[in-house]
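Numbered from 1 within each chain, the chains take letters A, B, ... in sequence-line order. Excluded from the calculations below are hydrogen atoms, water molecules and symmetry mates; all remaining heavy atoms, backbone and side chain alike, are included. Given the structure is predicted, the values throughout are model-derived calculations rather than measurements.
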Amino acid sequence: MTSIDITSTDPTTMSSDISLLDPGHKAAGLTASNVACWFGTKKVLEGVNLDMAPGQVTALIGPSGCGKSTFLRTLNRMHELVPSATLAGEILIDGVDIYRGAIPVTDVRRRIGMVFQKPNPFPAMTVAENVLAGLKLSGLKSTRSERDDLIESCLSKAGLWNEVKNRLGDPGRALSGGQQQRLCIARSLAVSPQVLLMDEPCSALDPTSTRRIEQTISEISETITVVIVTHNMQQAQRVSHRCAFFLAAENEPGRIIEEGPTKDIFTNPHDSRTNDYVNGRFG
Amino acid sequence: MKVPKSLQVDEIKESPSPPNDSEVRINPVVRRNRVDQVYRSIAAVSGSFVFLVMALIGGFLLFRGIDALRLSGWGFITESQWAPDMGGAFGIASLLPYTFSIAFVALFIAVPVSIATALFITEYAPRRIRRFLTATIDLLAAVPSLIYGLWGLFYLQPRIITLSKWLADNLGFVPFFKVNDDFGTSLGVFPSSTFVAGVIVSLMVIPICTSVMREVFGQAPPGEREGAMALGGTRWGVVRDVVLPFGQGGIIGGSMLGLGRALGETIAVTLIISPSFDAKWSIVEQGSNSIAALIALKFSESTETGISALMAAGLALFIITLLVNTAASSVVNRSRSGSATEI
């Protein structure tokens, strides 16, 4: 397999050892230590320590407004895109800090992909172009046949290939909501991320699409570490290996109350608040 | 017995199902309260006021110009001389190309500059600089065109004609930059040209174009922006794949609004150009014209027929700018502005 010429202005980037279309690339572990977040002067998250092991699915659960999405967005430096947003602490990917300049921010985001709550395919692009958008956006070069392979393999992994293989030239917007979301997953997979962050990816979708996406998650989790924010307790139980329960007391920043193997969190939580939440007694 | 097809259809048409009382469709009655009615009529009156003014201007120009148009007939479009006062022929055949050349020179400069400025403001500039730049550009739009004209005449023109000369010397094979001068290209043939006027007008157009484009670029859906960022997109990647496709309508619409402004620009052009009625390809050579400048120059010294001819020229300008601006706003409205990807 030919590796891809990666255009980068910074010779110290670590991207050169990632090759596109390489099924053998390794899932990476993420470690958050003592992370705190602010929007302006309002502290929304504090003291978050979490290990997201390679090849595992970690679910972040908790009531709305407890900072799970904010935490997720710190993991690939999307947090800082909000004006006035700041943070403290450390996020490491395979032991390397992502905030202190060791890896260029564009590489951080390529290695740690993200799927959003609302499907956001690029409307000016076709289905196929949407899948390849990441290559174009980050200036990765590829040959025609590599691109064709990539389109098919990514759409297949996202469980969308059969539905769209005859509509690759249609605009991405012409797909249904569930298909759009799977297109967004395929788009994220195309740049060979080592970690995929998913921010309530199924909250706007019907049950069938939700099931397909959960299937995709369990398939890709062998080669990609997945971190998923979800409000759906069944979903957390179905897809995740580990769970972290976030909670924010009134007018206080959110923090992790409890974290552990999914089975323990749901059947045998240590904290009574976790027990109440997973059993639907609040939130 | 065989029944012809057409007859069958007729039969069906002639026997509609009897009207069913319970299915008579209602026409919902809206009873507005007094306050609502008052506001509604005030708003409606102000809204129609715009159309009234528009119609009055158009009607006035037509009314005052119709005598001259009767006199010249089609010659008004085909004749390039302008001598209505001496009973001679007059027409806008040379004025139109000159008017559009000045406008196109202005857009040629203003559009790229405006796109780049708008992108810098929305995509690259830190917040404080963004606010400062926006305010400064809006301020530029507020500078009276007479000031631009004076500054252009006394400051910019003596300097920019060296560029004109360079264009003529090096790109003289292009008809636009060709200069017919028996004595070689001395600087003396370059002032008061279409090019100089266009450069000045571009300065007036840039603020308009920039603010339209800035507005549209700023509306590029945050969801798509973030999607592009999350794929490892560079700033330029986001601009190219999200902002520019989204802002297409704004670019075209902003440019056409600028065109409308450039076509009608009067005083600065009047100050710069020396009127010429022989249309020519060269934009750098002395001598240019525009409908607006002609009206400003000739108005005070015209007889009755001359005034009427100027009114007719004004009518032509009015119609052209109206068309350009209508086209511009329809392009801006048809663009995706405000419609992010929805489920």
Side-chain angles (χ1 to χ4, degrees), chain A residues 7-9 15 73 76-78 80-84 104-125 129-130 132-140 171-173 175-181 184 187-193 196-197 199 204-206, chain B residues 115 119-134 213-214 216-253 331-343:
Chain A
T7 324
S8 174
T9 49
S15 52
R73 290 168 61 90
N76 70 338
R77 300 190 58 170
M78 296 301 282
E80 70 204 58
L81 294 179
V82 179
S84 88
V105 63
T106 49
D107 282 16
V108 168
R109 296 194 185 123
R110 192 166 65 231
R111 292 173 66 184
I112 309 173
M114 189 165 208
V115 174
F116 297 82
Q117 188 172 354
K118 227 171 111 182
N120 55 357
F122 301 122
M125 298 183 192
E129 285 168 347
N130 260 290
L132 299 173
L135 273 66
K136 197 173 158 209
L137 278 161
S138 51
L140 292 169
R173 271 208 295 185
L175 302 180
S176 75
Q179 289 172 328
Q180 287 186 13
Q181 190 66 302
C184 291
R187 178 176 80 180
S188 304
L189 297 177
V191 290
S192 302
L196 190 60
L197 311 176
D199 190 356
L205 306 184
D206 61 287
Chain B
I115 293 176
L119 283 178
F120 178 72
I121 290 175
T122 56
E123 306 302 314
Y124 294 96
R127 284 220 288 171
R128 256 194 5 212
I129 295 179
R130 183 180 310 178
R131 239 178 270 151
F132 175 73
L133 250 181
T134 309
M213 293 177 193
R214 176 175 55 83
V216 177
F217 292 164
Q219 286 169 12
E224 285 165 42
R225 274 174 197 275
E226 290 205 332
M229 295 283 221
L231 288 167
T234 55
R235 285 262 173 196
W236 165 241
V238 175
V239 166
R240 185 193 53 203
D241 290 339
V242 176
V243 179
L244 287 180
F246 177 84
Q248 239 172 18
I251 294 174
I252 298 171
V331 170
V332 174
N333 289 339
R334 257 194 306 144
S335 73
R336 282 183 49 237
S337 315
S339 61
T341 40
E342 292 290 344
I343 302 162

Here's a test for you: under side-chain contact (heavy atoms from CB on, under 4.5 Å), which of A:M78, A:M114, A:R77 qualifies with B:M229?
A:M78
For A:F122 and B:G227 the tightest heavy-atom approach is CZ-C, 4.1 Å
Within residues 119-127 of chain B, which positions have a heavy-atom distance to chain A below 4.5 Å?
B:R127
Of all heavy-atom pairs between A:P121 and B:E224, which one has the smallest distance, and what is that distance?
O-CG, 4.0 Å
With respect to B:L231, which candidate in A:L135, A:L137, A:T106 satisfies the side-chain contact (heavy atoms from CB on, under 4.5 Å) definition?
A:L137
To the nearest 0.5 Å, what is the distance between OG1 (B:T234) and CZ (A:R109)?
11.0 Å
At a heavy-atom distance under 4.5 Å, which candidate from B:G237, B:G232, B:G233 has the highest pair count against chain A?
B:G232
Scanning both residues in full, the closest heavy-atom pair of B:P245 with A:A124 reads CB-CB, 3.8 Å
What part of B:R240 gets closer than 4.5 Å to chain A, counting heavy atoms only: side chain, backbone, both or neither?
side chain
